There are 2 protein chains.
Amino acid sequence: MKELKSRILAAAAGDLAAIEIALKRNLTPYYDLVARTAEHILFSGGKRLRPLLMVLSARLCGYNGNEDKDYAVIFEYLHAATLLHDDLVDGGEMRRGQTAAHHIYGNATAVLTGDFLLARSLSLAARTRRPAVIDVIAQITESMSQGEIHQMDKKGDVGLNEAEYLEVIRRKTAVLIQGACHVGALICDAAAEQTEALKSYGRHLGFAFQMVDDLLDYTADTQELGKVVGADLREGKLTLPVIHALAKAAGRDREAIIAAVRDPDFSMDRFGALVALLTKYDGLAYTAQSAETHVAAAQRALNDFAPSDAKALMTDIADYALLRKA
Amino acid sequence: MKELKSRILAAAAGDLAAIEIALKRNLTPYYDLVARTAEHILFSGGKRLRPLLMVLSARLCGYNGNEDKDYAVIFEYLHAATLLHDDLVDGGEMRRGQTAAHHIYGNATAVLTGDFLLARSLSLAARTRRPAVIDVIAQITESMSQGEIHQMDKKGDVGLNEAEYLEVIRRKTAVLIQGACHVGALICDAAAEQTEALKSYGRHLGFAFQMVDDLLDYTADTQELGKVVGADLREGKLTLPVIHALAKAAGRDREAIIAAVRDPDFSMDRFGALVALLTKYDGLAYTAQSAETHVAAAQRALNDFAPSDAKALMTDIADYALLRKA
């Protein structure tokens, strides 16, 4: 695991450094408070997964221009915008081990800085002069905002089933990672099969990442995770570990899980008892297995690309999705 | 005044009806709560000024396609998105005589529905397949989000001067109306002089509308206005009537104005006393005069267009900006 992470970071070092520079260069707010709020969320230890995947996808399709990093930051700005709005929506206190932006700068500034970052994404998309790229970016935003509302609206609803959960995480998470890979292909005018393969890689990776995220909320420790464990449950947000366990449990066990979902102020003892139930009914194992299936599908999607450093790195990133601790 | 309004509504009736249909047709959310929240803000008696101006601007430039209404709604969606976010930012209780959306549906839904409407605007802009149009839309959003943050950040700051106020209202209000007129010209591939003339019309009209809005917050009655009079002051938002009076007043009068700005819980007596001071120091008259100057400039910008129904209507709309009561 440590070895995999080191290998990824070494292989991606050049791209990641260029992405950092592009993130600063393309921000260009006129008003200082916007700059400070945007920088708080943008430069607080993000993995830069999405821009990196756009750059690598373009490289797999033979990109040889020098604007890839400027387009890649679109996906980090979009990601940061949704973090700003979602943390506020979810009432999240911490983000990446730091106080969430809306706690420092206030809700209003967080909302409006999110809007600014959305707008920057669109401006950069417009600069590609490619309507297909712009369309992807607009669709991502439509999809994410609705996925988040859908998720929020279903908080505390123990009737949420796996199909609906998958629809929510597709909209909330998978479309953005898929979009990054898709745009990488689009800026190269890649062939349809290559484009579809990269979309498939991104979609499956997105599902895997979100499932592991949902799993970590039950299994990680708070310090490693950089946010509070059990946060999903505390917000009444049902994710796959709980959904699967609820589908299988009956009687008192089922009632105990439901009671935990409905009690926002649960103790760590109660949380431990719930995790034991999620284990008993395979909720954790099933989620891990689903994530593995998606990782395998993501890696399979790259089969027809010739071996290259970029392909090896994308394969490693998919493996890392499963092994990460935060 | 009543006659002018009737004339405008009669002349615009066909376009306004087509715009209403396009507003419904282009919304297409997948999730019902998004639809309800968006419809609450979209179909609650908006004047449809922005889409109407796009349609009329295109007509002035000889547009003869049938997609103008679909592009025009971009500007109403953008407007609605900013209303959703701004009402939340400002803590506004009422909007167009109704309870503000965030009070009914909650902050989170209001933020995310705003995001959805922003995204719909961009999707529709992308459909024009015109990068210049997309660029205008992205710039509008960047500008508005920063203008709103700027305004919010300066709340209660009695040092705010007229130049800075003008910069804020340019970003918050004028760019959107200017953008609607601009895009009307762009979708016709209008000549540069026509495009510039329509941008100028929109910009000046935008300034005039905002100044009259700021004036009405001191002079209208709550029922006619559809929101609470004195709201700007209650939020510590300094607008031109106060800025101008503060620049001229000294001694106790100046202190009384400052005290009113700093007291969010002022009584209607105190509000009356402030309005008297704004009158004494020409704050109200100066604002009205500034609005008139902008209306005249907007109308002048149309000089080189041949007489037409569309031009007459745009001229009337500019006059109406000054005379409206809400």
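From a predicted model like this one, the values you see are computed outputs, not experimental measurements. Basis for what follows: all heavy atoms, side chains included, without hydrogens, waters or symmetry-related copies. Below, chain A is the first sequence line, B the second, and so on; all start at residue 1.
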Sequence-distant partners of B/Arg36, salt bridge (Lys or Arg N to Asp or Glu O under 4.0 Å), two or more places apart: B/Asp32
Straight-line distance of B/Leu33 CG to A/Asp153 CG, nearest 0.5 Å: 4.5 Å
Could you look at A/Arg171 and say if it's the side chain, the backbone, both or neither that has a heavy atom under 4.5 Å from chain B? side chain
From B/Ile134 CD1 over to A/Asp135 CG, what is the distance, rounded to the nearest 0.5 angstrom? 8.5 Å
Best-contacting candidate, A/Gly114, A/Ala138, A/Ala132, against chain B by heavy atom pairs under 4.5 angstrom: A/Ala138
For B/Gln146, run the side chain to side chain contact (heavy atoms under 4.5 Å, CB included) check against A/Leu112, A/Val34, A/Asp115, A/Thr113 and tell me which one passes. A/Val34
Atom OH of B/Tyr31 and atom CE of A/Met152: how far apart are they, to the nearest 0.5 Å? 8.5 Å
Should the pair A/His85 and B/His85 be assigned to parallel (<30°), tilted (30 to 60°) or perpendicular (>60°) ring geometry? perpendicular
Taking ring-ring contact (aromatic ring centres under 6.0 Å, His included) as the test, write out the residues that go with B/Phe207, two or more places apart. B/His294
Quick check: under 4.5 Å, non-hydrogen atoms only, which of residues 116-125 of chain B neighbour chain A? B/Phe116, B/Leu118, B/Ala119, B/Arg120, B/Leu122, B/Ser123
Checking B/Glu67 now: which residues fulfil salt bridge (Lys or Arg N to Asp or Glu O under 4.0 Å) with it, not counting sequence neighbours? none
